[in-house]
Amino acid sequence: MSNAPPGREIDTRDGLRALGITAVVANHAFAAPVHGGLNLLFLVSGIAFAQLCFGGRDQSVLALHVMRFARPLTVWSVVFCLFWFAVFGRFDPAELFMVSNWFTTERVSKFPIWYTQVMLQMLLGIVAILTLPGMLQRLRRAPVAGAAGWLAGAVALAVAAQIAVDTDHLADKLPHLHAWNFVLGWLFWAVLYAREASGADRAVLTVCCVPLMLVMFLGLGVPGAEMRVWVAIPATVLLIWAPVLRLPRPLAQPVLLIGQAVLFIFFLHYPFLLAVRTLLGGHLQPLALQGLQFAAGMAGPVLLWAVVTAAQRTLAHARMRRGQTGGARAAREQVVSV
């Protein structure tokens, strides 16, 4: 008999992705703000970016890797941006071209489009620097030192910008103020995934990471700093020390589903919140209404994702069967002709 504890193993990054998007929906559904979800998504996205772009040796494919990384978020942001323009009868070119975060916190689109804007603007700056002669090669040759250097630069940029310019009226939703969070994911990749991490590696990363996040959240007066400390820091430490989680199966399956449906939840949770608010706003107590909004904002997009995924798999199987049938027919025809 196996001595393994009951349950199912999941990658902790999937758990953080699920926790991050759940916190985003909770922040929009409940009256009390829940911050820290997008900090986790920035971190996990930084890890994914580093794995995709720094694992190889050919600089010529960097642009293709970046396009592959950014394409789903970019394409669907534009699609849903145009959708909400049509719904409300308002057109905002700055929002469509992903630069409105530099001018206002108001938006027509009912999803966190500022996250897309910040991510794309960060990527433009990052790619511009990485294409300088020798920059990408140095980072690939010494990933830990390279990622640490980039992180130090990103932290210095954010601190200097906060001291020099007051951007509270923009809610600090600007790329140079969030780049450190994304680049921190590079350091996680370099220490935890680009090599076999030892206990000492994990301890050093913890000692560096926790004070840094405390300073960047509390020291710089980020909105919702205390909540970010309680959401983002424990989850980050968990990722350092437990790259794989064993969860009870009834919990593991929803976590995996949410982690896989992140894009659907990101773009579609708000319409479900609005539907609940519009239909039941005058019939429920505030807390019950908020709880139902949260449940709808999570369950609705996940169900849509499941339907779309099932349809895609059905179509793929149908194409495969048609291909196999066509191949068999061609083989028979070839035998006859011979």
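Note that the numbering runs from 1 along the sequence shown for the chain. Bear in mind that the values here come from a model prediction, so they are computed numbers and not experimental data.
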J.: Can you check side chain to side chain contact (heavy atoms under 4.5 Å, CB included) on Leu174 and Asn101, steps first, answer last?
T.: CA-CA 7 Å; Leu174 300 171; Asn101 58 314; 4.0 Å; yes
J.: Should Thr236 and Leu43 count as side-chain neighbours, where that means a heavy-atom distance under 4.5 Å?
T.: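 Thr236 vs Leu43: side chains touch.
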J.: Identify the two heavy atoms, one from Leu40 and one from Ala235, that lie closest to each other, and give their separation to 0.1 Å.
T.: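 Where Leu40 meets Ala235 most closely, the heavy atoms are CD2-CB, 3.8 Å.
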J.: Cation-pi between Arg13 and Phe188: NZ/CZ under 6.0 Å from ring centre and within 45° of the ring axis?
T.: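 No, cation not above the ring by the 6.0 Å, 45° rule.
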J.: Is a donor on one side and an acceptor on the other found under 3.5 Å between the side chain of Arg228 and the backbone of Val222?
T.: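 Not at all, since once roles are kept as given, no pair shorter than 3.5 Å links the two residues.
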J.: I'd like to check Phe103 versus Leu170 (side-chain heavy atoms, cut-off strictly below 4.5 Å). Are they in contact?
T.: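 Result no, sub-4.5 Å side-chain heavy-atom pair not found.
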J.: Mind checking whether Phe80 and Trp84 have ring centres under 6.0 Å apart?
T.: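 Here the rings of Trp84 and Phe80 have centres that are no less than 6.0 Å from each other.
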J.: With rounding to the nearest 0.5 angstrom, report the CD1 to CZ distance, Ile113 to Phe266.
T.: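 Answer rounded to 0.5 Å: 8.5 Å.
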J.: Quick one: pull up CH2 in Trp189 and CG in Leu184 and give me the separation to the nearest 0.5 Å.
T.: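 If we round to the nearest 0.5 Å, Trp189:CH2 and Leu184:CG are 14.0 Å apart.
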J.: Under the side-chain hydrogen bond (donor to acceptor under 3.5 Å, both in side chains) definition, can you give me all pairs with a residue in residues 71-82, not counting sequence neighbours?
T.: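 The answer is Ser77-Thr116.
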J.: Distance-only, no hydrogens or angles: does the Thr131 side chain make a donor-acceptor pair with backbone N or O of Ala128 under 3.5 Å?
T.: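 Looks like yes, one N/O pair under 3.5 Å.
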J.: Can you see which heavy atom on Arg17 is nearest to which on Gly259, and at what distance?
T.: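 Of all heavy-atom pairs spanning Arg17 and Gly259, the closest is CD-O, 3.4 Å.
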J.: Answer yes or no: are there more than 12 heavy-atom neighbours, outside Phe91 itself, under 6.0 Å from its atom CZ?
T.: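 Yes, enclosed.
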J.: Taking all non-hydrogen atoms of both residues, which atom of His178 and which atom of Lys173 are closest, and how far apart?
T.: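 Closest approach of His178 to Lys173: NE2-CA, 4.0 Å.
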J.: Any chance the rings of Phe69 and Phe49 have centres within less than 6.0 Å?
T.: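 When the ring centroids of Phe69 and Phe49 are compared, they turn out to be within the sub-6.0 Å range.
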J.: Tell me whether Asp201 contacts the main-chain N or O of Val191 through its side chain, where contact means a donor paired with an acceptor under 3.5 Å.
T.: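 Answer holds: no.
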J.: If a pair satisfies side-chain hydrogen bond (donor to acceptor under 3.5 Å, both in side chains) and one of its residues is in residues 295-306, list it, with sequence neighbours excluded.
T.: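 For residues 295-306, and leaving out neighbouring residues, the side-chain hydrogen bond (donor to acceptor under 3.5 Å, both in side chains) pairs sorted by first residue read Trp305-Thr309.
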J.: For the atom pair CE (Met298) and CD1 (Ile258), what is the distance rounded to the nearest 0.5 Å?
T.: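 Reported value, rounded in 0.5 Å steps: 3.5 Å.
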J.: Kindly say whether the aromatic ring centers of Phe111 and Tyr270 come within a distance under 6.0 Å.
T.: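 Not close enough - the centres of the two rings lie 6.0 Å or further apart.
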J.: Can you name the nearest heavy-atom pair linking Leu41 to Ser45, along with the distance?
T.: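 What the structure gives for the nearest pair is O-OG, 2.7 Å.
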J.: Roughly how far, to the nearest 0.5 Å, is CG of Leu120 from CE of Met98?
T.: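 Reported to 0.5 Å precision, the distance equals 6.5 Å.
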J.: Got a donor-acceptor contact below 3.5 angstrom from the Arg8 side chain to the Arg249 backbone?
T.: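 Between the backbone of Arg249 and the side chain of Arg8 there is no qualifying donor-acceptor contact (under 3.5 Å).
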J.: Looking at every non-hydrogen atom in both residues, tell me the closest pair between Ala225 and Leu218 and how far apart they are.
T.: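 Shortest heavy-atom separation between Ala225 and Leu218 comes out as CB-CD2, 3.7 Å.
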J.: In the single-linkage hydrophobic clustering (I, L, V, M, F, W, Y; side-chain heavy atoms under 4.5 Å), do Val25 and Val276 co-cluster?
T.: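 They do not share one cluster, since no chain of ILVMFWY contacts under 4.5 Å joins Val25 to Val276.
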J.: Can you confirm whether Arg195 is buried at CZ, in the sense that more than 12 heavy atoms of other residues, nucleotides or ligands lie under 6.0 Å from that atom?
T.: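 Enclosed.
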J.: For a quick test of reading the model, state the closest non-hydrogen atom pair linking Val108 to Glu95 and the distance between them.
T.: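 For Val108 and Glu95, the tightest heavy-atom pair comes out as N-OE1, 2.9 Å.
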J.: Judged by modelled atom types alone, do Trp102 and Gln117 share a side-chain donor-acceptor pair under 3.5 Å?
T.: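 There is no such pair (donor and acceptor under 3.5 Å, judged by atom type) between the side chains of Trp102 and Gln117.
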J.: Gln293 and side chain to side chain contact (heavy atoms under 4.5 Å, CB included): which partner among His28, Arg277, His269?
T.: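 So the option named by the test is Arg277.
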